There are 2 protein chains.
Amino acid sequence: MKTNDSLSPQRAGKAHVVSGVIHGLLQGRWRGGERLTEDAVAQIFAVSRTPVREGMLELAAMGMVQLRRNCGAVLQPFGPKQLSEIYAVRTLLEVEAARLAAVHIPASLVDTLRLDFERLQKEKRPDEGWKFDQLLHTTIATQSGNVRLAAEINRYTLLVQTMREAVGEVLSGIQSKSIKEHIEILECLGQRDATGASEAMKRHLDQAERSALAAVYTLQ
Amino acid sequence: MKTNDSLSPQRAGKAHVVSGVIHGLLQGRWRGGERLTEDAVAQIFAVSRTPVREGMLELAAMGMVQLRRNCGAVLQPFGPKQLSEIYAVRTLLEVEAARLAAVHIPASLVDTLRLDFERLQKEKRPDEGWKFDQLLHTTIATQSGNVRLAAEINRYTLLVQTMREAVGEVLSGIQSKSIKEHIEILECLGQRDATGASEAMKRHLDQAERSALAAVYTLQ
DNA sequence: GGAATCAGGATTGTATACAATTTCAAGCCC
DNA sequence: GGGCTTGAAATTGTATACAATCCTGATTCC
């Protein structure tokens, strides 16, 4: 059993198990409710059970599988409803972070981000734009001043990113709308407008949810 | 090395490593910034490295330690600031859950909870009261209708519960205030008053934070 | 004398073997 | 015939051994 599809990365490791299972779940390789034994996963990814176990724990923390002692892991269903729930929590966390960051963030940092962003806008490089989106979200999370809140946000950022990889979501088309939303957020942060920043962040994430939803739908 | 203090539970296992490290951190056995090797933890709890590794992953997910590849785990500092951050996120999640639950919760369930609660109030059994608190929070989380939100809330409930164990927080004294807050929440839920329920929940959690803060302070 | 290099030790990452627990179905008792 | 018991298979939980990686300190070259 030495297949070479997207489910079997060449190099072993816990991270590949995690992303591989998510890919498989989103791409319809497995269905929600199915039970996965550690041995089965280990054989699929050609690794031992040790990294599989650790990967499953991570997947359980992500809410992708449910672990029961000595009973195996059951894959949780994934569809529009689940995606919506993910974005509901993510929005809750990031809107609060934007509100807090508007108070704490140094003006110099806002200016730096704005310059980076304007330079990017002229160059029009899609892949770089994706990095900026991540930078903005990470910065706001950090500047909220709440380390734990930032950590939770990063967890969701990572989850969404892994999902994007799995469905091969094309991001270049989103850029035009996304750019405007980013500018709005930055403007509010610069003016220390907490309410405005949180509202702008909410609009941005609602848009991102719609985009992700479309990507998942076209998948099936 | 077969000590029998609170850091060395009789029975081995991942769960004991997790609670044991948290106990040690909150009780001043270790300080924030200290580095823990897997071998050291394994010896302290008299288990092999396998459950230690899994426990450390869980602790990292809780934000109690920071893991770096091949570098060991550094304990995160824990004090009033960290406690406040935990409650900030917990409040964010549970207030939203209360808002949502007020819309979705069946009237029959509210009545059942109310009856349970009134019966409990007459019997005045402190340990049972603690269970009801947990039941109320869990029910509201579930009735939010967002499975993922409920899962995140349960993570924090578990974290707070473990911390309470670690500091030996006495809960009997809180009951008198807590009872009133519980009633308020139930009233609002029964009337489908989303705003009221969320505000009542916020007041309840703010009170719980103050109580937890006092417990941590008296500890040191 | 200072900085880059390289070897040794320390520590995590993975593989495998074994123990403990659970599940599930066949068999037995009522 | 239905429900309980029981035992074997399956599966997870733990222990140990080994491989890979990283940190540290002494050594050497400039």
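Computed from a predicted structure; not experimentally measured. Proteins come first, then strands; the chains are lettered A, B, ... in the order of their sequence lines, and each starts at number 1.
Screening residues 39-49 of chain B for salt bridge (Lys or Arg N to Asp or Glu O under 4.0 Å) gives B:Glu38-B:Arg49 as the qualifying pairs, with residues at least two apart or on separate chains. The salt bridge (Lys or Arg N to Asp or Glu O under 4.0 Å) contacts involving residues 208-217 of chain A comprise nothing, where partners must be two or more places apart or lie in separate chains. Evaluation of the salt bridge (Lys or Arg N to Asp or Glu O under 4.0 Å) test over residues 70-88 of chain A, restricted to residues two or more places apart or in two chains, returns A:Lys81-A:Glu85.
With sequence neighbours excluded, no residue satisfies side chain to side chain donor-acceptor pair (under 3.5 Å) with B:Arg148. B:Tyr156 pairs by the side chain to side chain donor-acceptor pair (under 3.5 Å) definition with A:Glu152, not counting sequence neighbours. By the ring pair (Phe, Tyr, Trp, His ring centres under 6.0 Å) test, A:Phe117 pairs with A:Phe132, A:His182, sequence neighbours left out. Judged as a side chain to side chain donor-acceptor pair (under 3.5 Å), and not counting sequence neighbours, the contacts of B:Gln161 are B:Gln134.
The side chain of A:Arg53 contributes no N or O atom lying less than 4.0 Å from OP1 or OP2 of D:dT12.
Rounded to a whole Å, the CD atom of A:Gln66 is 14 Å from the P atom of D:dT12. Rounding to whole angstrom units, NZ of residue B:Lys14 and C1' of D:dA15 are separated by 17 Å. Regarding A:Leu57, its CG atom lies at a distance of 11 Å from the C1' atom of D:dG13, rounded to whole Å. Between B:Glu54 atom CD and D:dT12 atom C1' there is a gap of 10 Å when expressed in whole angstrom units. When rounded to the nearest whole Å, the span between CG of A:Leu36 and C1' of D:dT12 equals 14 Å. The distance from atom CG of B:Asp39 to atom P of C:dG13 is 13 Å, rounded to the nearest whole Å. One atom, CD of B:Gln43, and another, C1' of C:dT11, lie 14 Å apart when rounded to the nearest Å.
Overall bending of the helix from C:dG1-D:dC30 to C:dC30-D:dG1, expressed as the angle between end axes built from five pairs apiece, is 10° (10° steps).
Contacts of A:Leu67 with the nucleic acid, taken as non-hydrogen atoms under 4.0 Å apart, are absent.
Counting only heavy atoms from C-beta outward, the side chains of B:Val74 and B:Gln76 approach each other to under 4.5 Å.
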Give me the distances for all protein-to-nucleotides 16-23 of chain D N/O pairs that come in under 3.5 Å?
residue	atom	partner	partner atom	Å
D:dT16	O4	B:Thr50	OG1	3.4
D:dT21	O3'	B:Asn70	ND2	3.3

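Side-chain atoms of B:Asn146 and B:His104 form no donor-acceptor pair, as typed in the model, at a separation below 3.5 Å.
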